**Student:** 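Okay, handing you the structure first.
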Amino acid sequence: MKAHILQHVPFEGPGHIGDWLAARGADIGSTRFWEAPVLPDPAAVDVLVVMGGPMSVNDEAEFPWLVAEKRFIAEVVARGRPVLGICLGAQLIASAHGARVHRNADKEIGWFEVAASGAEHDAEEAPPCFPFPAQATVLHWHGETFELPAGARLLASSAACRNQAFQLGARTIGLQFHLEMTEPSLRAIVDNCRGELVPARWIQDEATILGRSGAHFAATHALMDGLLDWLVRD
């Protein structure tokens with residue numbers, strides 16, 4: 001399995017996704033856009049993971065490599081390869097397929113519940129849909145949201161943001177939230193983005209964000225494992 005990770009900033013790495021890939025003996029490549037925006041041949045990618053970042057998909061003037069990145073994502077999706085987007089990554093998948101990405105009504109930062117849409121019960125002729133759990137408490141860190149691309153199905157929503165997760169076709173999933181976070185990677189994003197922790201309805205304080213137990217991380221990692229297993233299923 002040749003996996004490729006698109007990483008936008010040093011402090012938002014693959015986290016537990018890297019553990020899942022390593023456990024399966026994947027050959028892991030990466031594009032680190034802050035170092036060099038060099039993309040591989042889409043035909044050489046078996047699994048694509050698109051990570052988060054503080055920039056917007058609309059910041060093409062400041063980050064011109066976003067244009068090529070969106071084109072690359074669309075090409076890998078069109079080949080039917082498993083593709084997972086996390087936060088900015090989900091927004092990039094949406095934008096790459098013509099959907100609008102814009103400011104959400106509220107910033108959502110912290111551990112909040114998402115609820116499944118029940119998309120797995122769609123019509124039989126539709127591609128199988130990932131069976132998202134009825135409810136899950138997950139980490140959010142976003143100020144923007146996305147419209148659903150044409151043909152995509154909503155998988156999950158939260159009270160603060162309707163479009164939290166979607167599936168496009170049979171092998172592409174975008175998550176607005178972070179199932180991949182480990183305790184060190186969560187500390188890294190807090191250290192680099194704590195200026196966003198301004199008191200508001202859907203923004204938790206630093207102590208609350210960092211106060212989750214190891215058992216809670218294990219639960220979110222189990223959901224991440226199940227989703228990745230589903231994406232690469234035979």
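Along the sequence shown, residues are numbered consecutively beginning with 1. Note that the structure is a prediction, hence the values are computed from the model and not measured.
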**Student:** Could you state the interatomic distance from CZ (R212) to OG1 (T137), rounded to the nearest 0.5 Å?
**Tutor:** 6.0 Å
**Student:** Kindly indicate, with the supporting measurements, whether the criterion side chain to side chain contact (heavy atoms under 4.5 Å, CB included) is fulfilled by E62 and M55.
**Tutor:** CA-CA 9 Å; E62 184 176 359; M55 63 284 293; over 6 Å; no
**Student:** Nearest 0.5 angstrom please: H140 NE2 to I109 CD1, how far?
**Tutor:** 11.0 Å
**Student:** Checking side-chain contact (heavy atoms from CB on, under 4.5 Å) between I86 and each of L179, I17, I173, V50, which is the one that passes?
**Tutor:** I17
**Student:** Any non-hydrogen side-chain atom of P40 less than 4.5 Å from a side-chain atom of F72?
**Tutor:** yes
**Student:** Looking at L231, is its backbone amide N or carbonyl O close enough to the side chain of R171 to form a donor-acceptor pair, meaning the two atoms are under 3.5 Å apart?
**Tutor:** yes
**Student:** Is it true that F130 and V138 fall in one hydrophobic cluster, defined by side-chain heavy atoms closer than 4.5 Å?
**Tutor:** yes
**Student:** Decide side chain to side chain contact (heavy atoms under 4.5 Å, CB included) for T220 and L139; before the verdict, give the C-alpha distance in whole Å, the side-chain angles of both, and the deciding distance to 0.1 Å.
**Tutor:** CA-CA 9 Å; T220 57; L139 179 74; over 6 Å; no
**Student:** State the CG-CG distance between L228 and D19, to the nearest 0.5 angstrom.
**Tutor:** 11.0 Å
**Student:** In terms of side-chain heavy atoms, does Q164 have a donor or acceptor partner in S158 at a distance below 3.5 Å?
**Tutor:** yes
**Student:** Side chains of D225 and H16: is there a donor and an acceptor less than 3.5 Å apart?
**Tutor:** yes
**Student:** Give a yes/no verdict on a cation-pi contact between R233 and W230, requiring under 6.0 Å between NZ or CZ and the six-membered ring centre and an angle within 45° of the axis.
**Tutor:** yes
**Student:** Run the salt-bridge test on R187 and E206 with the 4.0 Å N-O cut-off and return the result as yes or no.
**Tutor:** yes
**Student:** Would a distance-only check, ignoring hydrogens and angles, find a side-chain to backbone donor-acceptor pair under 3.5 Å from S30 to R32?
**Tutor:** no
**Student:** Can a donor-acceptor pair be found between the side chains of E180 and H178 at a distance below 3.5 Å?
**Tutor:** yes
**Student:** Taking the six-membered ring for Trp, are W111 and H216 ring centroids under 6.0 Å apart?
**Tutor:** yes
**Student:** Check the pair N192 / V9 against side chain to side chain contact (heavy atoms under 4.5 Å, CB included), numbers first and verdict last.
**Tutor:** CA-CA 10 Å; N192 283 274; V9 288; over 6 Å; no
**Student:** Between T172 (side chain) and V77 (backbone), is there a donor-acceptor pair under 3.5 Å?
**Tutor:** no
**Student:** In terms of heavy-atom contacts, does CZ of R24 have more than 12 from other residues, nucleotides or ligands at under 6.0 Å?
**Tutor:** yes
**Student:** Ignoring hydrogens, what is the shortest heavy-atom contact between R153 and G169? Give both atom names and the distance.
**Tutor:** NH2-O, 4.4 Å
**Student:** To check you understand the geometry: which heavy-atom pair defines the closest contact between T182 and F217, and what is its length?
**Tutor:** C-CE2, 3.6 Å
**Student:** Work out which heavy atom in F33 is nearest to a heavy atom in L6; give both atom names and the distance.
**Tutor:** CE1-CB, 3.9 Å
**Student:** Can you confirm whether M181 sits close enough to I189 that some side-chain heavy atom of one is under 4.5 Å from a side-chain heavy atom of the other?
**Tutor:** yes
**Student:** Would you say V49 and W20 make side-chain contact, with heavy atoms under 4.5 Å?
**Tutor:** no
**Student:** Could you tell me whether the side chain of F132 reaches within less than 4.5 Å of the side chain of S117, counting heavy atoms only?
**Tutor:** no
**Student:** Any non-hydrogen side-chain atom of V190 less than 4.5 Å from a side-chain atom of W141?
**Tutor:** yes
**Student:** Mind checking whether L223 and P133 have side chains closer than 4.5 Å, heavy atoms only?
**Tutor:** yes
**Student:** To the nearest 0.5 Å, tell me how far L210 CG sits from L186 CG.
**Tutor:** 5.0 Å
**Student:** Over all heavy atoms of both residues, which pair between F11 and C193 is shortest? Give the atoms and the distance, please.
**Tutor:** CE1-SG, 3.6 Å
**Student:** For H102, is there any backbone N or O sitting under 3.5 Å from a side-chain donor or acceptor partner on N58?
**Tutor:** no
**Student:** From H8 NE2 over to L92 CG, what is the distance, rounded to the nearest 0.5 angstrom?
**Tutor:** 5.0 Å
**Student:** State the CG-CZ distance between L154 and R162, to the nearest 0.5 angstrom.
**Tutor:** 5.0 Å
**Student:** Nearest heavy-atom pair of A96 and K70: which atoms, and what distance?
**Tutor:** CB-O, 3.4 Å
**Student:** Check whether any side-chain heavy atom of R81 lies under 4.5 Å from a side-chain heavy atom of V47, and answer yes or no.
**Tutor:** no
**Student:** Test side chain to side chain contact (heavy atoms under 4.5 Å, CB included) on H142 and N104 and set out the steps.
**Tutor:** CA-CA 8 Å; H142 69 100; N104 193 45; 4.3 Å; yes
**Student:** Are the side chains of E69 and I73 in contact, using a 4.5 Å heavy-atom criterion?
**Tutor:** yes
**Student:** Look at the side-chain heavy atoms of Ile, Leu, Val, Met, Phe, Trp and Tyr, link any pair under 4.5 Å apart, and say whether F112 and F146 land in one connected group.
**Tutor:** no
**Student:** For a quick test of reading the model, state the closest non-hydrogen atom pair linking G13 to Q7 and the distance between them.
**Tutor:** CA-NE2, 3.5 Å
